[in-house]
Each structure stands twice: as structure tokens, then as C-alpha cells.
Amino acid sequence: MVRVVEAAGRASDLQGVPVSPVVSVLLVLACVVAVWATTLPGRTVPPRRLAAALGTVGGLTYPVYLVHTQFGYAVIDVLAHETTHTVALFAAGALSLGLAFAIHYGVERPTSARLRRAVQAGLLRAGDAVRSLFSRLSDAQATRLT
């Protein structure tokens, strides 16, 4: 936890706004407890609504990663001088989440099955090509030995 406190201090320096070490430690501990609680031996399957919510949150992680630095920081830059830092942060978070939802439900989900089939077909063709190459190399080597 010492590293989390140190990282909060560095984040404060980098961002120019205070980052609470206590809140940072509590967030890390909450994540650890969540992972621990879901991986207990004998743990039953979570209720459907919870499983669906966790699936959605998991599906949003990559789109949030993609958009938060570009759009979130742009919102913060625009709003930080017009309103409080808290409002700017929440607006940036809301925009990032909204865009992540749009990317996840508008792009990822509709195209994932088609993309998965295309990737699997390409991998099968590549595997066939590699097997064919090794077969020809093996045949050529056997011919040279005889």
C-alpha cells in the first residue's frame, strides 16, 4: 500500500490536482476484495443481473481505455477554466463512458461474431499453409537422404 500512497503523490504532481492517498488505497483494497470474493473456493455463480452487469463493465474497459485520454482530457481542458475541477472531471468521465457504451454496443458487439469467424478462418488457412510447408520440407529432406 506504500506504493499506492506514493503513486497518489506522483499523480497529484503530474495532474496538478490533489489525489487522495486514502481514497486511492481504499479503491485498491476494494478491487482486491472484489477479486477475492469472486474467486473463493465453492463460490456459486453470481445472480444473473450481477453477472450481466459485470459483463457489461468488463466489455467497457477497452473502449474506456481508448477514449478517456483523448476526449476526457479535452473536456477537462475546456471545462477546467469554466467550472470546478470536480464538474470537469465528472463531465469527462460521463463523456468517456458514453463514448465507450457507443463503441461497445455500436461497433464491438455487432462486429465481434463476424470478426471472430474471419480471424478463425485466417488462422486455419495459416495453419494449413504451415503444415503443407513442413510436409514439403520433410518430403524434400527424405528425398535427399535416399
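Being a predicted model, the structure only gives us computed values, none of them experimental.
- Other residues sharing the hydrophobic cluster of Val22, ordered by chain and number and joined by side-chain separations under 4.5 Å: Leu26.
- Within the structure, side chain to side chain donor-acceptor pair (under 3.5 Å) contacts touching residues 107-123 (residues at least two apart or in different chains) are His104-Glu108.
- Among residues at least two apart or in separate chains, there is no side chain to side chain donor-acceptor pair (under 3.5 Å) pair with a member in residues 78-94.
- Separation of atoms CE (Met1) and OG (Ser24) is listed at 10.5 Å; rounding is to 0.5 Å.
- Cluster membership for Val87 and Val75, using ILVMFWY side-chain heavy atoms within less than 4.5 angstrom, is not shared.
- Grouped by direct or indirect side-chain proximity (heavy atoms under 4.5 Å, Ile/Leu/Val/Met/Phe/Trp/Tyr only), Val119 sits with Leu115, Leu123.
- Under the ring-ring contact (aromatic ring centres under 6.0 Å, His included) criterion, Phe101 pairs with Tyr105, sequence neighbours left out.
- Residues satisfying the side chain to side chain donor-acceptor pair (under 3.5 Å) test with Asp128, not counting sequence neighbours, are Arg131.
- Hydrophobic clustering, defined by side-chain heavy atoms of Ile, Leu, Val, Met, Phe, Trp and Tyr closer than 4.5 Å, leaves Phe90 isolated from every other such residue.
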Using atom types as modelled, flag every donor-acceptor pair under 3.5 Å from a side chain in residues 58-65 to any protein atom, sequence neighbours excluded.
residue	atom	partner	partner atom	Å
Thr61	OG1	Gly58	O	2.8

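- Clustering of Ile, Leu, Val, Met, Phe, Trp and Tyr side chains at separations under 4.5 Å leaves Val57 isolated, with no partner residue.
- Between Ala100 and Val67, the closest heavy-atom pair is N-CG2, 4.5 Å.
- Rounding to the nearest 0.5 Å places OG of Ser96 at 10.5 Å from CD of Gln70.
- Residues meeting the side chain to side chain contact (heavy atoms under 4.5 Å, CB included) test with Leu54, sequence neighbours left out: Leu50.
- Here the closest non-hydrogen pair linking Ile76 and Ala88 is CG1-O, 3.9 Å.
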Side-chain donor-acceptor pairs under 3.5 Å in residues 7-17, sequence neighbours left out?
residue	atom	partner	partner atom	Å
Ser12	OG	Ala8	O	3.1
Ser12	OG	Val19	N	2.7

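- Here the straight-line distance linking atom NE2 of His68 with atom CG of Leu99 works out to 13.0 Å at 0.5 Å rounding.
- With sequence neighbours excluded, no residue forms a ring-ring contact (aromatic ring centres under 6.0 Å, His included) with Tyr73.
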